[in-house]
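Accompanying notes for the structure given below.
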Amino acid sequence: MQVKHSIAEKFLADARSLAPHIVAARKEMDGERHIPDSLAKLVDKAGVYRLFLPASMGGPQLHPITAYEVIEEVSKAEASVGWCGLLSNGGALFTGNFTPEAASKMFGVPPDFRCAGSFRPIGESRPVPGGYRVSGQWDYASGISNANWLFVNSRIIDDDGPRMTEAGRPATVMLFTPIETATVHDTWHVVGLCGTGSNDFVLDDVFVPEERSFRLYDPPLEAGFLYHPRTMLIAIWVLVSAVALGTARGAMDAFKEMASGSGTTISTTLLRDRPQVQAKVGEAEAIISGARSYLLDAVASAWDSFSEDMPTPSPELAQARLAITHSIHQAARAVDILFHAAGTNAIHRSNGLERRWRDVHVVVQHGAGLLSNYEFGGQAMMGLRPNDAGW
């Protein structure tokens, strides 16, 4: 137990040490619209891109709450860095479908793992001897400028057309391919999370060996909560919450600094000395801390109750999924409160509040923040089987 605690503390300490480097790189990040290589190397050295890589492959295989705290910490300084970390760790979860031998051939020993990709099944894979020939264009590949591996989801196509599952849906396959096999298209011109470099990429008849492919929701080779088809989504989506709540905490820190030195255009009274502002800060703090507590408690309960034969629906998994969606929306709510409490101060890039406002409103657009998650959670709470996988 002491060893695990020491490992967690080291990861958190390394994450905290990144803050001044992240802040120093913000201007370059905004201009280039991706994380600069010099900063990405420091993030990589801190292990942020491979928190969920299996221990059998030389990874740390961290508890999801420890991983949450790491991503939250870097997101306080810059949401884009936390976002690229969470996406790479989504790829790390998928490696639970590979043998350690295949992984060592792919990532080396010790593993060199920085991943980007797309979960959307918008490409085509044709079965050929030994693997697949893959073609297509995928979008939202956050962190692709700093990645060395890509994961893609694609439809399986043969001579008779698209393959179908027994349920009548298109059959898909997930594949891993080196970054050198892709052509990146500069498409990332957005309002928030500007530094993630979430560009499109194209694969043109790329061969992917069978050992680098797997089917979603099939039993993984790695055992446990992180890699199980019903719980791996909680593991990765809790990191979306980490970006959202870390961004909200960064907004709170930026607001308090600004409030101690600024009035507004209609009053020289410092913001911190105004009762109405004090009330808004207290409200935002309660929202952030309350959402965080619910999230961590629910995820811990889901972890503790995990078994390979969990009931469907599982109350613990439902609470974790609800807490994730709730925390993302509450983070945006808290940042909105602070943004409006700042008055015209909020619109200036110099104070760090406006970038958090832009970033958190992009985070909330992620699938983890979909309002339909509340519907599915309500179904689970009433003993119904949710119309969505993983509950």
Side-chain angles (χ1 to χ4, degrees), residues 3-4 6-18 21-22 34-35 37 39-75 80-119 141-152 174-179 196-197 212 214 220-227 231-240 242-243 246:
V3 172
K4 291 182 180 179
S6 298
I7 291 173
E9 286 301 315
K10 182 182 186 306
F11 271 94
L12 283 172
D14 288 345
R16 292 188 188 103
S17 72
L18 291 171
H21 303 285
I22 293 172
H34 63 78
I35 299 174
D37 289 342
L39 176 59
K41 288 177 181 178
L42 295 176
V43 176
D44 182 33
K45 185 177 180 181
V48 174
Y49 295 129
R50 55 185 181 277
L51 305 172
F52 286 148
L53 198 67
S56 65
M57 302 174 188
Q61 195 171 329
L62 294 185
H63 190 290
I65 289 180
T66 301
Y68 166 92
E69 291 173 334
V70 171
I71 298 298
E72 178 188 48
E73 196 63 45
V74 296
S75 298
S80 289
V81 178
W83 192 263
C84 291
L86 91 84
L87 264 296
S88 184
N89 279 290
L93 291 177
F94 289 141
T95 66
N97 295 275
F98 300 141
T99 65
E101 293 75 21
S104 66
K105 287 168 59 178
M106 294 167 67
F107 313 132
V109 180
D112 182 13
F113 183 89
R114 305 178 309 282
C115 199
S118 178
F119 189 79
S142 302
I144 193 170
S145 299
N146 310 117
N148 59 354
W149 282 91
L150 290 172
F151 64 86
V152 297
M174 293 287 295
L175 312 104
F176 269 61
T177 185
I179 187 67
T196 61
R212 296 181 189 166
F214 61 94
L221 300 180
E222 291 284 340
F225 184 98
L226 293 180
Y227 313 106
T231 48
M232 71 180 303
L233 203 57
I234 292 174
I236 188 59
W237 279 8
V238 76
L239 302 190
V240 182
V243 177

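We're numbering straight along the sequence, starting at 1. Reckoned from all heavy atoms, side chains included, excluding hydrogens, waters and symmetry mates. As the structure is a computational prediction, the values presented were derived from the model and not from experiment.
- Residues L39 and V81 form a side-chain contact, since some pair of their non-hydrogen atoms from C-beta on lies under 4.5 Å apart.
- K105 NZ to R212 CZ: the interatomic distance, rounded to the nearest 0.5 Å, is 7.5 Å.
- A salt bridge does not link K41 with D37: every distance from a Lys NZ or Arg NE/NH1/NH2 to an Asp or Glu carboxylate oxygen is 4.0 Å or more.
- In terms of heavy atoms, G143 sits closest to A116 at C-CB, 4.1 Å.
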**Worked verdict on F98 versus F214 for ring-ring contact (aromatic ring centres under 6.0 Å, His included)** = CA-CA 8 Å; F98 300 141; F214 61 94; 5.7 Å; yes

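- A side-chain donor-acceptor contact under 3.5 Å links N97 to the backbone of F94.
- The shortest side-chain heavy-atom distance between N146 and C84 does not fall under the 4.5 Å cut-off.
- Under the 3.5 Å distance criterion, the side-chain polar atoms of Q61 are matched with a main-chain donor or acceptor of A55.
- Distance CG/L87 to OG1/T196: 8.0 Å, rounded to 0.5 Å.
- Each of F107, Y49, F52, F151 was evaluated against F113; a single residue qualifies, F107, per the ring-ring contact (aromatic ring centres under 6.0 Å, His included) test.
- Taking both residues in full, the closest heavy atoms of V74 and L18 are given as CG1-CD1, 3.8 Å, listed atom of the first, atom of the second, then distance.
- Judged by distance alone, the side chains of W83 and S142 do bring a donor and an acceptor atom under 3.5 Å apart.
- Here the side chains of T66 and I7 are not in contact, with every heavy-atom distance at 4.5 Å or above.
- Taking each heavy atom of G59 and P111 in turn, the nearest pair found is N-CG, 4.4 Å.
- At least one side-chain heavy atom of L12 sits under 4.5 Å from a side-chain heavy atom of V70.
- Pairing each heavy atom of T99 with each of M57, the nearest pair is O-CE, 4.4 Å.
- Between F225 and H63, every side-chain heavy-atom pair lies at or beyond the 4.5 Å cut-off.
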**Request:** Would you please test I179 and W149 for side chain to side chain contact (heavy atoms under 4.5 Å, CB included) and show each step?
**Result:** CA-CA 5 Å; I179 187 67; W149 282 91; over 6 Å; no

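- A donor-acceptor pair under 3.5 Å links the side-chain atoms of T95 to the main chain of A92, judged by distance alone.
- The CG atom of L51 lies 11.5 Å from the CD atom of E69; values are rounded to the nearest 0.5 Å.
- Distance OG/S75 to CG/L86: 8.0 Å, rounded to 0.5 Å.
- Taking both residues in full, the closest heavy atoms of C115 and G91 are given as SG-CA, 4.1 Å, listed atom of the first, atom of the second, then distance.
- When every heavy atom of L93 is checked against every heavy atom of I236, the shortest pair comes out as CD1-CB, 3.7 Å.
- Side chain of R50 to main chain of D44: a donor-acceptor pair is present (N/O by atom type, distance under 3.5 Å, no hydrogens or angles).
- Distance CG/D112 to CG/N148: 4.5 Å, rounded to 0.5 Å.
- With contacts defined as side-chain heavy-atom distances shorter than 4.5 Å, the pair I234/P64 does not qualify.
- In this structure, the side chains of S145 and I35 stay at 4.5 Å or more apart for every pair of heavy atoms.
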